Structures are given as structure tokens and as C-alpha cells.
There are 2 protein chains.
Amino acid sequence: MEQFPSILDTHPYLRQTLDLVSDKWITAIIYVLSRGKRRYGELQREIGGVSQRMLTRTLRNLEKDGLVRREEFTTPSLMVEYSLTPLGETLVEPLQSLCQWSVDYFDEVRRARESNPSQ
Amino acid sequence: MEQFPSILDTHPYLRQTLDLVSDKWITAIIYVLSRGKRRYGELQREIGGVSQRMLTRTLRNLEKDGLVRREEFTTPSLMVEYSLTPLGETLVEPLQSLCQWSVDYFDEVRRARESNPSQ
DNA sequence: CAGCATCCTGTTGGATACTG
DNA sequence: CAGTATCCAACAGGATGCTG
């Protein structure tokens, strides 16, 4: 069906990276964890609007990808701390550049949206 | 349900920016357009794997958000050129920082994935 | 060529209830 | 507290066929 590779495949992982970033909760999790270790419940509160199912699922994926570390402590009650691995930390800078863009330019996007009839 | 705002809402547009970037095709389109104007068919081929439905839909959204400009030329046959607006251009740098990350680190992600049992 | 309309499937992801 | 299990709705998104 596809006779030749697309530009996005000119280097083997670009598409997969874009896929990774386009996961709904991953950027949010990395953003929060970039500010330090967090327990499961803290993550859920600070992210906001994420269901347990999705938070757990996404954390498992991030673990599998080597971006997040999970540590379990059996204090009186169970306690789990999540943090970025060194590899995970490397994603923070590109992400921050996006956050900065958001601060600088998203108002323009909003205005463009509003000025459009937008059926 | 949510009594207090999450950290992601500390500045009003961060979450919306993350949402925008987490759209499956937007990053791909911006990436290709960052290399210059493209016709509809060129976009489709260079991105690869995107259906007409989704390409059109996403382009319309990008237009509405003021990130992409659409120009129609009625030459012998219909021809449409898409290009980034100045606002759209501002997204290229954060995106490139992501591409660079992909080059530098995605191999590590891949290895982490493989070394995991991954039920 | 650059779409739009329709149909249809798979995945995403929330809600709820239960567990060690 | 930090999940797991189940169910279900909504939407993402592909395939196909048609149009100016």
C-alpha cells in the first residue's frame, strides 16, 4: 500500500517519539514528576482529571519505557513513589520548551479560534 | 468533583497546549510544513499513513487555530497549498527539540522496552 | 486534485465497585 | 493507600465511494 517511506521515517524513531508524546497523559505526568518525586495519590491530584485506570496504565508504560521509576515502601500502609529516571529527565527540556511556547503564544491561538466562525 | 485546580492549570493554557500537541497528526503536519509549503497530496504522501479524512480534519483545525494557512489556486485543475503562519512557525522550535531528543535518546527507550518482560 | 459524506470498527478512557 | 477488574460510552480514525 505504501510504496515508499514518508519523511517522518527518515530517521527511525521520530514517529515513535511523536506517538509517545501524543499520549494523552504522558506529558502531564512527566511535567509533574519533573518537579520531584510524587506518590500515586499526589500525582493524581496534581494532574487533575485523570482516572485511576489511566494513571496506572500510563505509569506502567512509562516504567516499561524506562522513563519513570517506581519505588514501593511498605510503611504502615502501602506507599509508592514515582520519579523520573535519568532518561526521563532528558525529556523535560523539550517539554519545557513547549510549556514556554504555551506561555508565549497560546493566547494568539485562542484569539484565532474565537475570531473564526467555527461552524 | 475537582475541588482545586491541578498544577497543570497554574497557567491557563498549558493543558490546552499539551492537548494540542497530543493530537496524533498535528506534530507530523507541522514537521512537514516546517520544511516548506506543501500541496494536499504532498502532505499526505510525506506524512504517510494518514487518511484523507484525518488529514483534512486536522488541517481544518490547524487553520482555525491560526497555525496553518490554506491557499487555493484555480489553475487548470484545483491546487491547494498549505503553509505555516508566523504563529505556526513558532511551534517549530519546540518541536525540533523533540526531534533531537528522538535522535539522541529513543534508542534507550527501545532497549528499555525490549529488556522488559512486557507481559 | 482536493476534498466531502457515510459507514463502521477499534481504541481510549471515564465510572464504579472491589482488594491487599 | 495504591491499585485491579469490569463495564460501557464516546470518539478517533480507516475504508470506500462520490464530487466540483
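Every chain is numbered from 1 and lettered A, B, ... according to where its sequence line falls, protein lines coming before strand lines. Keep in mind that the numbers below use all heavy atoms, side chains included, and drop hydrogens, waters and symmetry copies. For clarity, every value in this text was computed on a predicted model and none was experimentally measured.
Contact check, A:Arg60 against D:dT4: a side-chain N or O comes under 4.0 Å of OP1 or OP2. Between D:dC1 and A:Arg39, no contact under 4.0 Å exists linking OP1 or OP2 to a side-chain N or O. B:Tyr82 has no side-chain polar atom (N or O) that falls below the 4.0 Å cut-off from OP1 or OP2 of C:dC1. The side chain of A:Ser51 places an N or O atom within less than 4.0 Å of a non-bridging phosphate oxygen (OP1 or OP2) of C:dG14.
Comment: A:Glu42 does not engage A:Arg45 in a salt bridge, judged by the lack of any side-chain N to carboxylate O separation of less than 4.0 angstrom. Between A:Arg38 and A:Glu46, at least one side-chain nitrogen of the basic residue sits less than 4.0 Å from a carboxylate oxygen of the acidic one, meeting the salt-bridge criterion.
Taking the nucleotide of DNA chain D with the nearest heavy atom to each of B:Asp23 and A:Gln52, the more 5' of the two is matched to A:Gln52.
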Protein proximity profile, nucleotides 6-12 of chain C - base contact B, sugar-phosphate-only contact S, no contact -, cut-off 4.0 Å on heavy atoms: B-----S
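Here the nucleotide nearest the side chain of A:Thr56, chosen from D:dA2, D:dG3, C:dG3, is D:dG3. Nearest nucleotide to the side chain of B:Trp25, out of D:dG13, D:dA2, C:dC4: D:dG13.
Taking B:Asn61 as the reference, nothing meets the side chain to side chain donor-acceptor pair (under 3.5 Å) condition, with sequence neighbours excluded. For the ring pair (Phe, Tyr, Trp, His ring centres under 6.0 Å) test, no residue two or more places apart in sequence or in another chain qualifies with B:Tyr40.
Following rounding to the nearest Å, A:Glu71 (CD) and D:dG3 (P) show an atom-to-atom distance of 13 Å. Taking atom CZ of B:Arg70 as the reference point, atom C1' of C:dC1 lies 12 Å away to the nearest angstrom. One atom, CG of A:Leu55, and another, P of C:dA15, lie 14 Å apart when rounded to the nearest Å. The CG-C1' distance, from B:Leu78 to C:dC1, rounds to 6 Å in whole Å. Atoms CD (A:Glu72) and C1' (C:dG20) sit 11 Å apart, rounded to a whole Å. A straight line from CD of B:Glu81 to P of C:dG3 spans 12 Å, rounded to a whole angstrom. When rounded to the nearest whole Å, the span between CE of B:Met79 and P of C:dC1 equals 12 Å. Separating the CD atom of B:Gln44 from the P atom of D:dG13 is a distance of 15 Å, rounded to the nearest angstrom.
Across its full length, the helix from C:dC1-D:dG20 to C:dG20-D:dC1 shows an angle of 50° between the axes of its 5 terminal pairs at either end, rounded to 10 degrees.
Residue A:Val103 belongs to no hydrophobic cluster, having no ILVMFWY side-chain heavy atom closer than 4.5 Å to its own. If you chain together ILVMFWY residues whose side-chain heavy atoms come under 4.5 Å of each other, A:Met79 ends up grouped with A:Phe73.
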List the atom pairs, with distances to 0.1 Å, where a side-chain N or O of residues 11-18 of chain B and a protein N or O form a donor-acceptor pair under 3.5 Å, not counting sequence neighbours.
| from | atom 1 | to | atom 2 | distance (Å) |
| --- | --- | --- | --- | --- |
| B:His11 | ND1 | B:Tyr13 | N | 3.4 |
| B:His11 | NE2 | A:Ser102 | OG | 3.1 |
| B:His11 | NE2 | B:Leu14 | N | 3.3 |
| B:Tyr13 | OH | A:Asp107 | OD1 | 3.1 |
| B:Tyr13 | OH | A:Arg110 | NE | 2.8 |
| B:Arg15 | NE | B:Asp9 | OD1 | 3.1 |
| B:Arg15 | NH2 | A:Ile47 | O | 2.5 |
| B:Arg15 | NH2 | B:Ser6 | OG | 2.8 |
| B:Gln16 | NE2 | B:Pro12 | O | 3.4 |
| B:Thr17 | OG1 | A:Ser102 | OG | 2.8 |
| B:Thr17 | OG1 | B:Tyr13 | O | 3.1 |

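Panel note: side chain A:Gln44, backbone A:Val50; a donor-acceptor pair is recorded below 3.5 Å.
Sorted pairs that involve residues 20-31 of chain A and meet side-chain hydrogen bond (donor to acceptor under 3.5 Å, both in side chains), not counting sequence neighbours, are lacking altogether. Sorted by first and then second residue, the pairs that involve residues 89-98 of chain A and meet side-chain hydrogen bond (donor to acceptor under 3.5 Å, both in side chains), not counting sequence neighbours, are A:Thr90-B:Trp101.
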